[in-house]
Amino acid sequence: MPSARRWGDYCLLVARGTLVLLLAPTISIAVTTFTNVAAELGITHVQNSTPGIEAMTGGVAAGDFDGDGLVDLFFTRVDAPDVLYRNTGSGFVDVSATAGFTQSLPTNGVASGDIDNDGDLDLYLSASSHERFYLYVNDGAGNFTEQAAARGAAVTVTGATTWRGMGVAFGDYDADGYLDLMTSDHSRPTNNNGSRLLRNLGAANPGHFEDVTQSAGLNVFRTALAVTNPPNAYRFQPQFSDLDRDGRLDIVISADSRTSQLFWNNGDGTFRDGTVAAGVGTDKSGMGTTLGDYDRDGDFDWFVTAIYDTTFAGANPGNRLYRNNGNRTFTDVTNAAGVRNTGPGLSWGWGTTFFDSDNDSDLDLIATDGFPAGYSGDRTTLWSNNANGTYTDVSVASGIVDTGQGRGLVHLDYDRDGDLDIVIANYGATPIVYRNNTDSGSHWLRVETEGTVSNRDGIGAFITVIPNSEQLTQFQVAEISSGSSYLSQSEMAAHFGLGTAGGPIDIVDVEWPMSGLKQRYVNVPADGPLFARERLLGDFNADGAVDAADYVAWRDSSGQVGAGLAADGAGSTGLPDGVVDVLDLSSWRANFGRTWSPLAQVSNPAHAAPFTSVPEPNSSKLILLVGASHFIRFACRSATIGLRSAGDDV
């Protein structure tokens, strides 16, 4: 049976005038060009100075670590202190030492997230051929203190066996409003390895963790092609995502030796391995991972980079693109899409990401490549989305011609000019920063999230953008995430290319991961950011507290019909339905006494304003949408109220 969440989504689709999500046509736009500006920006460090050591290392994370509204960069290194670059708006400055990164540690994978919901990004690092991992807690101004052992996150081992830590990722898998942590490990025994699920203790002890790997069912490993005794773990990069849209974050892991896995979240604190049944995990040597809706059908597809060489033990080489069928199964469309090989000849794929390079409204794909010897195809490859399920290699035409030993790769808008740039962590060399030179006249929207009931970063928030409410099938979706690619993390913001549609965006829906609340923004200006702050159900005056004043607001407008009513839109879904009624009163009663606190320190004034109110529509077509929503609200009430039922099957 479909879940209550799924039925609720069906009802909302009826309100939008469609039951089927169709592939949207996009506008053909000239190829975007990129320029490597790393040296010009001041990014000049070398990933390691000892040739040949730890060849699978090299991570990078993009995030606003000092809260000034600009995206900074953090790089791991294996034989020198890690490097934190502060974005000044005109370049980058190395602030590693003053920020607290002075030890020379063999760090590798990196992810950032607000582990204690105090309004700043903390950093978690794995380490390669080392006895533990590291957690750096942010003081709010971009200064860090290492606290992994004290907080239960060190993943420590003693004796001769050491972890070969790889990628890490944050996500709130148990929906308690606090970020949990998934680590990975390569070439270590499965019964004693560093691939762990660390649960955040939450409100009882924010930012402290306990190891729940075994009880959660994540100590299940597939049999590797390269059979060893005892069996080894070969995991490279985990990522949390709600792949079946049931309100629970699932986990995908790219892994070597045909051991990539997909774990479905059961909703009770446990996971089950669904790899084979879902039709994924066929990659012979999975390395990097990225999720995105490349075919614009409303769910996330999975791309895995891999080695392209020869068949081994019946397993075919090369990358994999798994198209999500929407029913917990996937179809391998790698060949049909034209993305089997990363580079010409023999190739060894690593970091990767879906991103809209030209702002034409569909997701392009980029992957970096390289290995110390024997693979002639070492280069970074950019594939342009043809909007028909296929991709075209436009690397050379775009100016992406590097042939370095790429490892981690992320996307970000470091210069805030509305197009996405690319950063590559090169093994044994300086990084690459590919500045996007888009000048196509295309428009864009950037959505940044701040949770109040959900985790502060809004990781797991599901965002739907409908530029024109008269063309409901032409929409885009994205999910806020932490940890992806290979050992790395792109910036935590959702970027949407809009093509030539330059007017206000009719609808932006944000569905929050813990509360299940859906907030709607209408008439959103293009070519700028939308800061979405999670609304408290029943907080009609948006002052951060559900109290008597909100009851007064409801009482004084009870029975009113129209758009933009303050006491409307706080019922079972959080979307306005054009009437202030008993459902809105029920949400006030259920949440009476709840509060949230704004950021203690706000350096960027844009973050200070609450973006929880729904703007007044200026179009009659949006009034019709309000009426349609009201018409089906009661029919769908029982389904949408049950969004969080843990026992539903999909």
Inset, instruction - For residues R340 and Y308, determine if any side-chain heavy atom of one lies less than 4.5 Å from a side-chain heavy atom of the other. - result: yes
Inset, instruction - Count the heavy atoms of every other residue, nucleotide or ligand shown that sit under 6.0 Å from CG of N191, and state whether that count exceeds 12. - result: yes
Inset, instruction - Enter the distance from N335:CG to L321:CG here, rounded to the nearest 0.5 Å. - result: 10.5 Å
Legend entry - Exercise: do S347 and N341 side chains pair donor with acceptor under 3.5 Å: yes
Inset, instruction - Give, for atom CZ of F330 and atom CG of D301, the distance between the pair rounded to the nearest 0.5 Å. - result: 7.5 Å
Legend entry - Lys/Arg N to Asp/Glu carboxylate O, R323 vs D297, below 4.0 Å: no
Legend entry - Rounded distance [0.5 Å steps], CG in D362 versus CG in D293: 10.5 Å
Legend entry - Closest heavy-atom pair and its distance - D358, S384: OD2-OG, 4.4 Å
Inset, instruction - Answer yes or no: is there a side-chain heavy-atom contact under 4.5 Å between V78 and I53? - result: yes
Inset, instruction - Write down the atom of S490, the atom of S484, and the distance for their closest heavy-atom approach. - result: N-OG, 4.4 Å
Inset, instruction - Please confirm whether F303 and Y391 have ring centers closer than 6.0 angstrom. - result: no
Inset, instruction - Taking the six-membered ring for Trp and the single ring otherwise, decide whether the centroids of H186 and F236 are under 6.0 Å apart. - result: yes
Legend entry - Minimum-distance pair of heavy atoms, taken over all atoms of A153 and L198: CA-CD1, 3.9 Å
Legend entry - Residue pair A169 / S482: nearest heavy atoms and the distance that separates them: CB-O, 3.3 Å
Legend entry - Side-chain donor or acceptor of T290 paired with backbone N/O of F354 under 3.5 Å: yes
Inset, instruction - State, without any angle test, whether S126 and N108 hold a side-chain donor-acceptor pair at a distance under 3.5 Å. - result: no
Legend entry - Check: L382 and F355 side chains under 4.5 Å, non-hydrogen atoms: yes
Inset, instruction - Give the intermediate values and the outcome of salt bridge (Lys or Arg N to Asp or Glu O under 4.0 Å) for residues R435 and D421. - result: CA-CA 5 Å; R435 183 187 64 211; D421 313 296; over 6 Å; no
Inset, instruction - Could you grab the distance from atom CZ of F74 to atom CZ of F65, nearest 0.5 Å is fine? - result: 7.5 Å
Legend entry - Candidate pair R320 and T282, rule side chain to side chain donor-acceptor pair (under 3.5 Å), full reasoning: CA-CA 8 Å; R320 293 293 190 275; T282 63; 2.9 Å; yes
Legend entry - side chain to side chain contact (heavy atoms under 4.5 Å, CB included) between I424 and N426, intermediate numbers included: CA-CA 6 Å; I424 302 172; N426 278 328; 3.7 Å; yes
Inset, instruction - State whether the side chain of Q476 and the backbone N or O of G497 hold a donor-acceptor pair below 3.5 Å, judged by distance alone. - result: yes
Legend entry - Option passing side chain to side chain donor-acceptor pair (under 3.5 Å) with H495 (candidates N359, D413, D419): N359
Inset, instruction - Please check if the side chain of N436 supplies one atom and the backbone of I422 the other of a donor-acceptor pair under 3.5 Å. - result: no
Legend entry - Side chain S254, main chain M287, donor-acceptor under 3.5 Å: yes
Inset, instruction - Check the side chains of T334 and N319 for a donor-acceptor pair under 3.5 angstrom, ignoring hydrogens and angles. - result: no
Inset, instruction - Please confirm whether H45 and Y85 have ring centers closer than 6.0 angstrom. - result: yes
Inset, instruction - Please examine the side chains of F170 and F240, heavy atoms only from C-beta on, and report whether any two atoms are closer than 4.5 Å. - result: no
Legend entry - Short side-chain to backbone donor-acceptor contact, K284 and T310, under 3.5 Å: yes
Legend entry - Charged N-O contact under 4.0 Å between D393 and R379: yes
Inset, instruction - Check each of T35, V423, L420, N36 against Y434 using the side chain to side chain contact (heavy atoms under 4.5 Å, CB included) test, and report the only one that passes. - result: N36
Inset, instruction - First locate atom OG of S129, then atom CZ of R164, and finally report the distance between them rounded to the nearest 0.5 Å. - result: 4.5 Å
Legend entry - Working for side chain to side chain contact (heavy atoms under 4.5 Å, CB included), residues Y136 and L125: CA-CA 8 Å; Y136 288 89; L125 312 177; 3.6 Å; yes
Inset, instruction - Can you see which heavy atom on G281 is nearest to which on R258, and at what distance? - result: O-CG, 3.4 Å
Legend entry - D82 side chain to T107 side chain, donor-acceptor N/O pair below 3.5 angstrom: yes
Legend entry - E54 and R77 ion-paired at < 4.0 Å: no
Inset, instruction - State whether R235 and D185 are salt-bridged, where the test is any N-O pair (Lys NZ or Arg NE/NH1/NH2 against Asp/Glu carboxylate O) under 4.0 Å. - result: no
Legend entry - Over-ring placement of R446 relative to F496, 6.0 Å and 45° cut-offs: no
Inset, instruction - Could you grab the distance from atom CG of D295 to atom CG of N388, nearest 0.5 Å is fine? - result: 11.5 Å
Inset, instruction - Compute the ring centroids of F221 and Y234, then answer whether they are less than 6.0 Å apart. - result: no
Legend entry - Residues R328, D246: salt bridge by 4.0 Å N-O rule: yes
Inset, instruction - Answer yes if the side chains of N232 and R188 hold a donor-acceptor pair under 3.5 Å, and no otherwise. - result: no
Inset, instruction - State, without any angle test, whether Q489 and S112 hold a side-chain donor-acceptor pair at a distance under 3.5 Å. - result: yes
Inset, instruction - May I ask you to check whether D283 and Y322 show a side-chain donor-acceptor distance below 3.5 Å? - result: yes
Inset, instruction - Using atom types as modelled and distance alone, determine if a side-chain donor or acceptor of N385 lies under 3.5 Å from a backbone N or O of Y294. - result: yes
Inset, instruction - Decide yes or no for V83 and F101: does some side-chain heavy atom of the first lie under 4.5 Å from some side-chain heavy atom of the second? - result: no
Legend entry - Exam field: side chain T213 to backbone L218, donor-acceptor pair closer than 3.5 Å: no
Inset, instruction - Assess the side chains of T50 and N48: does a donor N or O sit below 3.5 Å from an acceptor N or O? - result: no
Legend entry - Non-hydrogen side-chain atoms of D72 and D64 separated by less than 4.5 Å: yes
Legend entry - Trace of the side chain to side chain contact (heavy atoms under 4.5 Å, CB included) decision for D250 with D244: CA-CA 8 Å; D250 310 301; D244 54 5; 3.3 Å; yes
Inset, instruction - Verify the distance criterion only: is there a donor paired with an acceptor across the side chains of T162 and H130 at less than 3.5 Å? - result: no
Inset, instruction - Taking S398 for its side chain and T32 for its backbone only, find out whether a donor-acceptor pair lies under 3.5 Å. - result: yes
Inset, instruction - Please test N325 against T331 for side chain to side chain donor-acceptor pair (under 3.5 Å), starting from the C-alpha separation and ending with a verdict. - result: CA-CA 7 Å; N325 299 321; T331 299; 3.1 Å; yes
Legend entry - Flag for E479-S241: side-chain donor and acceptor within less than 3.5 Å: yes
Legend entry - Side-chain donor or acceptor of W350 paired with backbone N/O of W348 under 3.5 Å: yes
Inset, instruction - Please test Q237 against Q239 for side chain to side chain contact (heavy atoms under 4.5 Å, CB included), starting from the C-alpha separation and ending with a verdict. - result: CA-CA 7 Å; Q237 180 65 49; Q239 187 170 358; 5.7 Å; no
Legend entry - Distance-only side-chain donor-acceptor flag, T392 / W383, under 3.5 Å: no
Inset, instruction - Determine yes or no for a side-chain-to-main-chain donor-acceptor pair under 3.5 angstrom, with T381 supplying the side chain and A367 the backbone. - result: no
